[in-house]
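Data first, discussion second: the structure below is written as C-alpha cells.
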Amino acid sequence: GSVPCDDLSISDIWMNHPDVRDAMHAKSVSEIGEFQICTNVLLYHHDAGSMIPIHKQLMGEGLQVLIYSGDHDMCVPYTGSEAWTRDVGKKIVRPWQAWYVKDQVAGYTVTYDRNLTFATVKGAGHTVPEYKPAEALAMFKRFLAGKP
Amino acid sequence: GEDSAEVKSLPGFDGEFGSKHFGGYIAVDEKHGRNLYYYFATSERDPDTDPVILWLNGGPGCSSFDGFIYELGPFLFEAASSKSELPKLKRNPYAWNKVANVVFLDSPAGVGLSYSMTPTDYNTSDLKTAKDTHTFLLAFFTKYRKFAKNPFFIAGESYAGIYVPTLAREVVQGLRQGVEPKINLKGYLIGNGCTDNVYDGNALVPFVYGMGLIDSDLHDELEKVCKKNYWQVTSPKCVELLDQMDEDLKDLNMYDILEPCYHPDSHTYGGGSRSRGREETSGMEGGAGGRGEEGGNKFERKSLKRPASLVQFGDGGGDGGEEKEREEREEREEREKEEGNGHAEEEKGKPEEKGEREEVTGMTSLGGRVMKLLPGGLLRLGSQGAAAADAGEQEPKARERSEEARLEGQKTREGGAGVEVEERRGEGGTTGRGIAKKGRLPESFLQLGQERR
C-alpha cells in the first residue's frame, strides 16, 4: 500500500478521480475500490523458482534480450544482474564499453552471444525511465532497432 | 471493439494526444470474473509497423500505472497546488510510445484497476500470473488484430524480472502448440529485475561496498566470515555483521542511493524531498525542492522520523527522538545478548499491544530472510525459504538440505544477537523503552513468507 521514500500522491489522486476512471473506461471506486500503486490484497506465491533456466531456454529460441540496471539502485542492485548475465552469457561478442547519449556516458554495456545484452544506466535508480528518461528512451530505441 | 475502448481525453490534459489511446478490461477467466485492465498508447511514429511492447511493473502487487504515470508513459504529471485538485498533464518527450505501441497492463487480478469477482483469485502465483497474462495477450491481439503482426516485446522491471521470462515462456509454448492468434514475439527487456535468489541475494554487499556505503573493514570481515554467501546465512557472526551493515544503510533511499528519502511528515526537513513524477512539485509538505535542489543538510535526515506512511502512530508514538531510541535499542540488544536469546517469544500476546507504533524500514530481515521492499511491493531477496520456492529445480535431497539450513538459519538468526524485525512501543511517553518483537513487516509479505514455509 505504501512505498518508502516515495511521494505517491499524484497517482493516488488522479487514479481515484471518477472522471479519470470514466475517461479510461475503468471501473469506479465504488465498484472495485480505491486504486493503490501497490496493493496488499494479494496472497502471492513465488512458485517459478530461479529465472536462470528460463532465460537460457528463451535465449535458445533466438529472442533478443536486454537486461539493464540503474546503477544507483540498492533494491535490486546491478551487481546481481551483472553476475548472472555474465555466467549465462559466457561468450562475449562485444566487450564492455561505455554507451552514450548526447556525448555523455549514459552507462556501460556488454553483449554476449545468443543476443543477450547487459547495460547499466549511470546514475539511475530502481525505476530507470523515471530517473533517466532520455537515456532510457535512447536505450529502448536502440534495443528495438537491434543496434548496439 | 476498438472504438468503444478508445480514450479520447483525460482529465488534467488539455492538448491533443500524439496518437490513439485505448483502455479497458479483458476477461481472462469469465467464470470467476477475473478481469485485467490495460491502457494501450499506440505509437506516435508509425503504429502500423512499430513494435508492440507489453509493460509490467513489479511488486508483486504493483500497478503498471507506476510506469504510466512516473516513468515511460505518454504524459508528464505535474502535481496541482492543492491535493484536492487534479494533477496537470502534458506530453512526455521521453515516452516510450514515441517509437512503440505500449500496453500497460495491471496484472495479476487485484493489482491496480484489475479485479476479480472471486476473492480467492487474489491468492495467486508466478505461474498463474503468467498463464493469465498469456490469456490476456491472446485476447488483446484478437481485439487489436492489426497489431498482431507487429514485432512484440515484453518489458518490465523489478519483480517483473519474474513476470517477463515466465510470460515469454508461456508465449513460446503457445506458439509451439499453434495457439492463435500467433504472437510475433521477438524479445524482452528487464530493468533492475529479480532473477535468482543466490545472485540477487548476494548482490547487496558488493554493491554497497563498491559505492562506498560501508567501510573496508566491515566489508572484509563480511567476506571473510560469511564466505561471500549472504543469502543463506547460518553463522551468527555473519548475521551480526549483516545487521551492522543494515544499520549503516537504513536511512538511505534504497531506490536510489543518492536521492533524498521523501518523508510525508518531514516538516523539519531543510531540503526538498523528491516527489515522484518528473515535474517537481511545489505543494508538497516538507519542501518545494526536488532533485538537485536540496537546500538543507542531508544529514538532517538521520534525525527524522520514518515515513509517516509506513509508521502507525498510536498513543505515545510520536517524535520520540531517534537517537535516544537507537541508544535504547543498543542497550536492549546488549542485554539480549547477555541473556542469550531474543525476547520475541516472551513478548507475544502481552497486553500492552495498544499504543504501539509499527515501523517498516526499507530493508530488513526476519527469521533468516534478508528482505527488501520493492516499490510498494515487497520482495525477499535472499531467503532461506527461497530454497523451498526453488524446490521445483532441486533434487529431493537438496531440498531437504535446504530446509534444514533454513530452519538452522532461522534458529540462529532469531536466537542470535540480531533482532532484525522490531516493533517498538512507547511506554507511557514518547520516548518509552522500545520492545523488540517480530512484526515490522507488512502482513501481506509475512504471509508470503509463511506460504513458503
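Worth saying up front: this structure is predicted, and the values here are computed from it rather than measured. FYI, side chains are in, hydrogens and waters are out, and symmetry mates aren't considered; it's all heavy atoms of this structure. All chains are named by letter (A, B, ...) in the order of the sequence lines, taking the proteins before the strands, and each is independently numbered beginning at 1.
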(message) So that I know where these two stand, are Tyr37(B) and Phe35(A) an aromatic pair - ring centroids less than 6.0 Å apart?
(response) no

(request) Check Ala48(A) against Leu127(B) and note the closest heavy-atom contact, atom names and distance. (result) CB-CD2, 4.0 Å

(message) At a heavy-atom distance under 4.5 Å, which candidate from Asp121(B), Asp50(B), Leu185(B), Asn202(B) has the highest pair count against chain A?
(response) Leu185(B)

(request) Check each atom of Val99(B) against the heavy atoms of chain A and say whether the ones under 4.5 Å are side chain, backbone, both or neither. (result) both

(request) Check the angle between the aromatic planes of Trp14(A) and Phe68(B) and answer parallel, tilted or perpendicular using the 30° and 60° thresholds. (result) parallel

(message) Using a 3.5 Å distance criterion without hydrogens, assess whether the side chain of Asp196(B) forms a donor-acceptor pair with backbone atoms of Met51(A).
(response) no

(message) Taking every non-hydrogen pair under 4.5 Å, which of Trp84(A), Phe143(A), Tyr78(A), Phe140(A) racks up the most with chain B?
(response) Phe140(A)

(request) Quick one: which of Ala203(B), Ala130(B), Ser125(B) has the most heavy-atom pairs under 4.5 Å with chain A, could you say? (result) Ser125(B)

(request) Determine the option with the most heavy-atom pairs under 4.5 angstrom with chain A, choosing from Gly110(B), Gly191(B), Ser9(B). (result) Gly191(B)

(request) Determine whether the side chains of Asp6(A) and Tyr70(B) contain a donor N or O and an acceptor N or O closer than 3.5 Å. (result) no

(request) Identify the heavy atoms of Leu113(B) and Ile32(A) that sit nearest to each other, and give their distance. (result) O-CD1, 3.4 Å

(request) Kindly give the heavy-atom pair with the smallest separation between Phe207(B) and Asp73(A), and that separation in Å. (result) CZ-O, 3.3 Å

(message) Shorter than 4.5 Å, heavy atoms on both sides: which option in Asp106(B), Ile53(B), Val164(B) has the most such pairs with chain A?
(response) Ile53(B)

(message) How close do Gly61(B) and Leu42(A) get, counting heavy atoms only, and between which atoms?
(response) CA-CD1, 3.8 Å

(request) Could you check which of Gly80(A), Gly33(A), Ser81(A), Ser69(A) has the highest count of heavy-atom pairs closer than 4.5 Å to chain B? (result) Ser69(A)

(request) Tell me, out of Gln57(A), His17(A), Arg21(A), who's got the most heavy-atom pairs with chain B below 4.5 Å. (result) His17(A)

(message) Test your reading of the model: is there a side-chain donor-acceptor pair from Tyr188(B) to the backbone of Leu63(A), 3.5 Å cut-off?
(response) no

(request) Quick one: closest heavy-atom pair of Leu144(A) and Ala100(B), and the distance? (result) CD1-CB, 4.0 Å

(message) Under a 4.5 Å cutoff for heavy-atom pairs, which residue among Ala138(A), Ala145(A), Ala23(A) has the most contacts with chain B?
(response) Ala23(A)

(message) Closer than 3.5 angstrom, by distance alone: can the side chain of Tyr199(B) be matched with the main-chain N or O of Glu82(A) as a donor-acceptor pair?
(response) no

(message) Could you check whether atom NZ of Lys128(B) has more than 12 heavy atoms from other residues, nucleotides or ligands sitting under 6.0 Å from it?
(response) yes

(request) Using side chain to side chain donor-acceptor pair (under 3.5 Å) as the criterion, point out the one residue from Asn123(B), Thr124(B), Thr129(B) that pairs with His45(A). (result) Asn123(B)

(request) Check whether any side-chain N or O of His25(A) sits under 3.5 Å from a backbone N or O of Glu6(B) as a donor-acceptor pair, and report yes or no. (result) yes

(message) Looking only at heavy atoms and a cut-off of under 4.5 Å, which of Val128(A), Leu58(A), Val121(A) has the most pairs with chain B?
(response) Leu58(A)

(message) Can you give me the closest heavy-atom contact between Glu78(B) and Ile10(A), atom names plus distance?
(response) C-CD1, 4.4 Å

